[in-house]
Amino acid sequence: MRTLESIDDFTRVLDVLAAAFGEDFPAEDLATTRSVFEPRRSHVIEHDDDGMVAHAAAYTREVTVPGGVIPAAHVTLVGVRPTHRRRGLLTRLMAHQLRDVREHGEPVAMLWASEGRIYQRFGYGIAALRHIIPGADKREIRLNRSSTPEAGRLRDASPEQVRKDLQQVYERVRPERPGWSSRDENWWSRLLDDSPSRRQGYTSRRALLFEGPARVDGYALWRRKGDWAETGPKGEVNVAEVVAATPEAYLALWEFLFSVDLARTVRYPFAAPDEPLRYLVNEPRALGDRVADSLWVRLVDVPAALSTRRFAAPVDVVIDVTDALLPDNAGRWRLTGDATGAACTPTTDAADLACDVADLGAVYLGGTGLGALAAAGRVRELRPGAVAAVAPRFGWHRAPSALDIF
């Protein structure tokens with residue numbers, strides 16, 4: 001196993017991933033992917049005769065957690081050639097990567113799982129969900145206003161033309177949204193890349209801005225697809241993300257998206273579990289949303305991770321943690337904290353709860369209920385009443401969500 005030293009290995013990495021995932025990567029898409037690739041965070045296993053046969057990488061980014069923003073390894077580009085599966089290569093890579101992440105000073109790692117069954121083996125837990133609105137019939141939905149709209153106007157633009165406005169709004173909102181990742185200039189370039197191979201029959205991407213009294217307060221990134229039936233138009237609006245710093249901006253953006261002429265359905269694959277849209281429409285069932293997993297989180301340094309997030313109410317609990325891959329995480333930890341700060345220290349006191357590190361990852365962003373994990377037998381209550389007392393403390397006023405697939 002070795003760590004890459006140069007971007008020159010990028011093409012070989014893609015060859016491994018193309019074989020692992022059974023798909024080719026269009027040449028026009030590679031420039032922005034290459035721009036965020038970090039060779040020194042990429043680990044490979046090579047075979048004397050077959051060359052590079054397995055790969056795992058991470059991006060250096062931050063993520064919002066309840067009450068703060070922390071560094072987090074964004075694990076990505078993981079794959080093993082089909083000819084070398086079932087040889088323990090992935091296990092070696094994941095164990096090596098976790099140690100490297102810890103040495104890098106990142107208390108947590110996170111990823112989007114190609115298959116959930118894979119990453120549970122390495123201590124990852126489901127920490128955030130997304131609601132996929134596959135194609136809401138906008139003729140069946142009306143948005144309800146509860147007040148007079150704030151002064152402001154909508155403006156349509158090419159995303160690159162208003163890139164600074166998009167960045168400004170995103171950075172205003174991001175600190176309050178658990179699960180949202182930092183975006184440097186390279187990540188914005190990757191996000192806004194609009195090569196034809198990415199469009200899947202839709203138009204080029206557009207940016208819709210809501211300009212409030214003093215500044216831009218929200219934006220939506222969207223596309224549309226025209227289609228016709230014998231009875232008339234049946235086009236679709238496809239929404240990539242809606243980011244709003246005020247309720248007025250949020251409502252105005254969605255009112256526009258549900259009013260686009262010649263479109264009959266609205267698709268939004270990245271709705272949050274607590275998406276406000278659900279509470280604005282007059283018929284929530286008509287959204288037709290379904291639930292899928294998004295972020296999986298792994299605590300790499302348990303005391304550092306738990307002491308850098310905040311808690312909805314005062315908490316004082318001893319947790320007995322198991323961790324098969326990182327023994328330094330195993331043992332009893334006393335967690336104390338509230339909305340202003342937290343501490344996590346080793347202790348010999350009797351434990352109130354017991355769980356695997358994967359379950360701490362699941363509750364870390366405040367989206368997965370400790371009580372649900374206890375009901376599933378994943379968290380064990382060692383002191384009667386501990387689950388009921390502690391579970392609400394791990395919650396947060398906004399559910400975790402994610403807008404970037406990395």
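Remark: the backbone N or O of A57 is paired with a side-chain donor or acceptor of Q97 at under 3.5 angstrom. Looking only at distances, no side-chain donor or acceptor of T64 sits under 3.5 Å from a matching main-chain atom of E176. A donor-acceptor pair is defined here as one N or O able to donate and one able to accept, closer than 3.5 Å; such a pair exists between the side chain of N329 and the backbone of V300. The main-chain N or O of E62 is found under 3.5 Å from a side-chain atom of S182 such that the two form a donor-acceptor pair. Using a distance-only test at 3.5 Å, with no hydrogens or angles considered, no donor-acceptor pair links the side chain of R332 to the main chain of D320. Proximity of a side-chain donor or acceptor of T76 to a complementary backbone N or O of F406 within less than 3.5 Å is detected. The backbone N or O of L77 sits less than 3.5 Å from a side-chain atom of H55, completing a donor-acceptor pair. N282 places a side-chain N or O within 3.5 Å of a backbone atom of R142 that can act as its donor or acceptor partner. In terms of modelled atom types and a separation under 3.5 Å, the side chain of K138 and the main chain of A263 share a donor-acceptor contact.
Taking the six-membered ring where tryptophan is involved, the planes of Y59 and W187 are perpendicular, since the angle between them exceeds 60° and thus also 30°. Using bins of under 30°, 30° to 60° and over 60° for the plane-to-plane angle, the ring pair Y119/F122 lands in the perpendicular bin.
What you find for R309 and G366 is that their closest heavy atoms are NH1-N, 4.0 Å. Nearest heavy-atom pair across L306 and C344 is CD1-SG, 3.9 Å. Taking each heavy atom of R190 and T32 in turn, the nearest pair found is CA-CB, 3.7 Å. For P159 against L192, the heavy-atom pair with the smallest separation is CB-CD2, 3.8 Å. Considering all non-hydrogen atoms of both residues, R223 and R198 come closest at NH2-O, 4.4 Å. Across all non-hydrogen atoms, the minimal contact from G212 to D217 is CA-OD2, 3.5 Å.
R267 has its side chain out of reach of K225: every pair of non-hydrogen atoms, C-beta onward, lies at least 4.5 Å apart. Between H131 and R278, the closest side-chain pair of non-hydrogen atoms falls below 4.5 Å. Using a 4.5 Å heavy-atom cutoff, the side chains of W254 and V281 are not in contact. In this structure, H47 and R81 have side chains that are not in contact, with every pair of non-hydrogen atoms separated by 4.5 Å or more. Within the 4.5 Å cutoff, no side-chain heavy atoms of R310 are placed close to those of T340. Residues E283 and D137 form no side-chain contact, since every pair of their non-hydrogen atoms from C-beta on lies 4.5 Å or further apart. Residues V357 and V302 meet the side-chain proximity criterion, which asks for heavy atoms closer than 4.5 Å. When side chains are defined from C-beta on, N238 does not count as touching Q200, because their heavy atoms never get closer than 4.5 Å.
Q168 and Y219 are not linked by any side-chain donor-acceptor pair at a separation below 3.5 angstrom, with hydrogens and angles left out of the test. Under the 3.5 Å distance criterion, with hydrogens and angles disregarded, no donor-acceptor pair is assigned to the side chains of D316 and T336. There is no side-chain donor-acceptor pair under 3.5 Å between W112 and S294.
Every residue two or more places apart in sequence or in another chain was checked for a ring pair (Phe, Tyr, Trp, His ring centres under 6.0 Å) with F270, and none qualifies. Applying the ring pair (Phe, Tyr, Trp, His ring centres under 6.0 Å) criterion to F256, with sequence neighbours excluded, gives W222.
Sorted by first and then second residue, the ring pair (Phe, Tyr, Trp, His ring centres under 6.0 Å) pairs involving residues 292-333 (not counting sequence neighbours) are F311-F394. Pairs of residues two or more places apart, or lying in two chains, that qualify as salt bridge (Lys or Arg N to Asp or Glu O under 4.0 Å) and include a residue from residues 290-307 are R298-D323. Within the structure, the side-chain hydrogen bond (donor to acceptor under 3.5 Å, both in side chains) test picks out the following pairs touching residues 371-399 (sequence neighbours left out): D274-R398, D352-R383, D359-R378. Within the structure, the salt bridge (Lys or Arg N to Asp or Glu O under 4.0 Å) test picks out the following pairs touching residues 103-123 (sequence neighbours left out): R41-E106, E115-R117.
Of the inter-residue distances, the one linking L287 atom CG with E275 atom CD reads 9.5 Å to the nearest 0.5 angstrom. In this structure, OG on S197 lies 12.0 Å from CG on D24, to the nearest 0.5 angstrom. Here E185 contributes atom CD and W188 contributes atom CH2; the two are 9.5 Å apart, rounded to the nearest 0.5 Å. Rounding to the nearest 0.5 Å gives a distance of 10.0 Å between CG of L221 and CG of L253. The line from CG of D289 to CD1 of I132 is 9.5 Å long, rounded to the nearest 0.5 Å. The OG1 atom of T308 sits 4.5 Å away from the CD1 atom of I70 when rounded to the nearest 0.5 Å.
A salt bridge is absent between E241 and R177; no separation between the charged side-chain nitrogens and carboxylate oxygens falls under 4.0 Å. In this structure, R264 does not pair ionically with E236, as no charged nitrogen and carboxylate oxygen lie closer than 4.0 Å. Under 4.0 Å is where a charged nitrogen must lie from a carboxylate oxygen, and between E38 and R61 no such pair does. For the pair E248 and R153, the salt-bridge criterion is not met [side-chain N within less than 4.0 Å of a carboxylate O].
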Determine, step by step, whether R199 and S204 satisfy the side-chain contact (heavy atoms from CB on, under 4.5 Å) criterion, reporting the C-alpha distance in whole Å, the side-chain angles of both residues, the deciding distance to 0.1 Å, and the verdict. CA-CA 7 Å; R199 296 177 187 173; S204 58; 3.9 Å; yes
Could you check V53 against L89 for side-chain contact (heavy atoms from CB on, under 4.5 Å), going step by step and ending with a plain yes or no? CA-CA 9 Å; V53 297; L89 302 187; 3.9 Å; yes
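Shown are V379, T347, L360; of these, the side chain to side chain contact (heavy atoms under 4.5 Å, CB included) with I319 is made only by L360.
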